[in-house]
K.L.:
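So that we are looking at the same thing, I have put the structure below in structure tokens.
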Amino acid sequence: MLFHIDPHSEVPIYLQIVNQVKRAVASGVLVPGDRLPTVRQLAVDLTINPNTVAKAYQELEREGVISTVPRRGTFVSQKKMAFKEDERIKILEKAIDSVLVEAHHLGFSRDELLQIVIKRMNEWFEKRS
């Protein structure tokens, strides 16, 4: 199964779905045009409320990650959402802030964190090229 949830996580279930779809698209596991499970089917597969899946799909659609075609289904978007530069920066800064908080609580130094980020960036871009 492509998606899974952790009911004990502090991250709301709908956000877990949003994050997993975004990660699957960013890593190439899902590509533009791929069909996603219906709201009902994903709710059954994950044993969660369909409203939770619908909320995740609404957020993904709002962000331009997916699009829904009436009577055909929900698909990974063919085009990328065009965010303004300041919006793109704010979204990325929010994600970076989360990483910084985790790194602080895990006791990483600035240099250790930087080494990890550089290593992961290199691995990420190697896979994408």
Side-chain angles (χ1 to χ4, degrees):
M1 173 179 289
L2 185 60
F3 307 113
H4 61 279
I5 55 148
D6 177 1
H8 305 294
S9 172
E10 293 179 9
V11 177
I13 292 172
Y14 87 96
L15 277 180
Q16 291 180 47
I17 296 169
V18 168
N19 293 337
Q20 288 177 44
V21 170
K22 286 176 152 183
R23 183 173 289 122
V25 171
S27 66
V29 172
L30 289 174
V31 296
D34 279 354
R35 187 180 192 146
L36 294 177
T38 64
V39 167
R40 187 171 295 147
Q41 185 60 56
L42 189 55
V44 167
D45 292 347
L46 298 176
T47 60
I48 60 174
N49 189 311
N51 291 333
T52 302
V53 177
K55 185 175 181 178
Y57 278 16
Q58 287 168 354
E59 177 67 18
L60 288 162
E61 192 154 14
R62 185 187 68 73
E63 292 183 19
V65 176
I66 64 172
S67 57
T68 301
V69 179
R71 293 186 293 278
R72 290 203 51 231
T74 302
F75 302 87
V76 176
S77 290
Q78 296 289 340
K79 59 182 180 185
K80 296 203 183 270
M81 185 81 163
F83 287 106
K84 293 179 183 172
E85 185 66 18
D86 61 328
E87 292 173 306
R88 291 175 61 225
I89 291 170
K90 283 181 185 175
I91 291 168
L92 189 57
E93 285 176 341
K94 184 177 177 183
I96 290 169
D97 288 348
S98 294
V99 170
L100 292 173
V101 167
E102 283 299 317
H104 169 78
H105 287 290
L106 293 170
F108 286 98
S109 71
R110 174 182 272 174
D111 288 338
E112 290 171 321
L113 177 59
L114 187 57
Q115 288 175 359
I116 293 167
V117 169
I118 290 169
K119 177 180 178 255
R120 293 297 292 150
M121 278 179 36
N122 289 337
E123 291 170 355
W124 176 263
F125 286 111
E126 270 183 31
K127 282 197 283 187
R128 303 284 299 162
S129 54

K.L.:
Could you measure the distance from the CZ atom of R35 to the CZ atom of R72? Nearest 0.5 Å is fine.
P.N.:
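Output value for this atom pair is 7.5 Å.
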K.L.:
With a 4.5 Å heavy-atom cut-off, do R40 and P50 have their side chains touching?
P.N.:
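No, side chains not in contact.
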K.L.:
Using a strict 4.0 Å threshold on nitrogen-to-oxygen distance, state whether E123 and K119 make a salt bridge.
P.N.:
yes
K.L.:
Hey, could you give me the CD/CG distance between E93 and L100, rounded to the nearest 0.5 Å?
P.N.:
10.5 Å
K.L.:
What about I89 and V117, same hydrophobic cluster or not, with Ile/Leu/Val/Met/Phe/Trp/Tyr joined at side-chain heavy-atom distances under 4.5 Å?
P.N.:
no
K.L.:
Does a side-chain N-to-carboxylate-O contact under 4.0 Å join R62 and E59?
P.N.:
yes
K.L.:
Go through the steps for V53 and F3 under the test side-chain contact (heavy atoms from CB on, under 4.5 Å), then give the verdict.
P.N.:
CA-CA 11 Å; V53 177; F3 307 113; over 6 Å; no
K.L.:
Do N122 and E126 have side-chain N/O donor and acceptor atoms under 3.5 Å apart?
P.N.:
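On atom types as modelled, these side chains do not qualify, holding no pair under 3.5 Å.
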K.L.:
Assess whether side-chain contact (heavy atoms from CB on, under 4.5 Å) is satisfied between T38 and T74, documenting all intermediate values.
P.N.:
CA-CA 7 Å; T38 64; T74 302; over 6 Å; no
K.L.:
Could you give the distance from CG (L46) to CG (L42), rounded to the nearest 0.5 Å?
P.N.:
4.5 Å
K.L.:
I need the minimum non-hydrogen distance between S77 and S67, along with the two atoms involved.
P.N.:
OG-N, 3.6 Å
K.L.:
Assess whether atom CZ of F108 is packed by more than 12 heavy atoms of other residues, nucleotides or ligands within 6.0 Å.
P.N.:
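Counting neighbours around CZ of F108, 12 or fewer heavy atoms of other residues, nucleotides or ligands fall under 6.0 Å, so no.
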K.L.:
Would you please test V101 and H105 for side-chain contact (heavy atoms from CB on, under 4.5 Å) and show each step?
P.N.:
CA-CA 6 Å; V101 167; H105 287 290; 3.6 Å; yes
K.L.:
Roughly how far, to the nearest 0.5 Å, is CD of Q58 from CG of N51?
P.N.:
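With rounding to 0.5 Å, CG (N51) is 9.0 Å from CD (Q58).
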K.L.:
For S109, is there any backbone N or O sitting under 3.5 Å from a side-chain donor or acceptor partner on E112?
P.N.:
yes
K.L.:
Measure the shortest side-chain to side-chain distance between I66 and Y57 over non-hydrogen atoms and say whether it is less than 4.5 angstrom.
P.N.:
yes
K.L.:
What about L2 and V21, same hydrophobic cluster or not, with Ile/Leu/Val/Met/Phe/Trp/Tyr joined at side-chain heavy-atom distances under 4.5 Å?
P.N.:
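Yes.
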K.L.:
Look at the side-chain heavy atoms of Ile, Leu, Val, Met, Phe, Trp and Tyr, link any pair under 4.5 Å apart, and say whether V44 and Y14 land in one connected group.
P.N.:
no
K.L.:
Roughly how far, to the nearest 0.5 Å, is CD1 of I17 from NE2 of H4?
P.N.:
11.0 Å
K.L.:
In the single-linkage hydrophobic clustering (I, L, V, M, F, W, Y; side-chain heavy atoms under 4.5 Å), do F75 and L60 co-cluster?
P.N.:
no
K.L.:
Between V65 and E61, is any pair of side-chain heavy atoms under 4.5 Å apart?
P.N.:
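Result no, sub-4.5 Å side-chain heavy-atom pair not found.
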K.L.:
In this structure, would V99 and M121 fall into the same cluster of hydrophobic residues linked by side-chain contacts under 4.5 Å?
P.N.:
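V99 clusters together with M121.
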K.L.:
Drop me the distance from I13's CD1 to I5's CD1, to the nearest 0.5 angstrom.
P.N.:
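Atom-to-atom, I13:CD1 and I5:CD1 are 4.0 Å apart.
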K.L.:
Where the side chain of D34 meets the backbone of L30, is there a donor-acceptor pair that is under 3.5 Å apart?
P.N.:
no
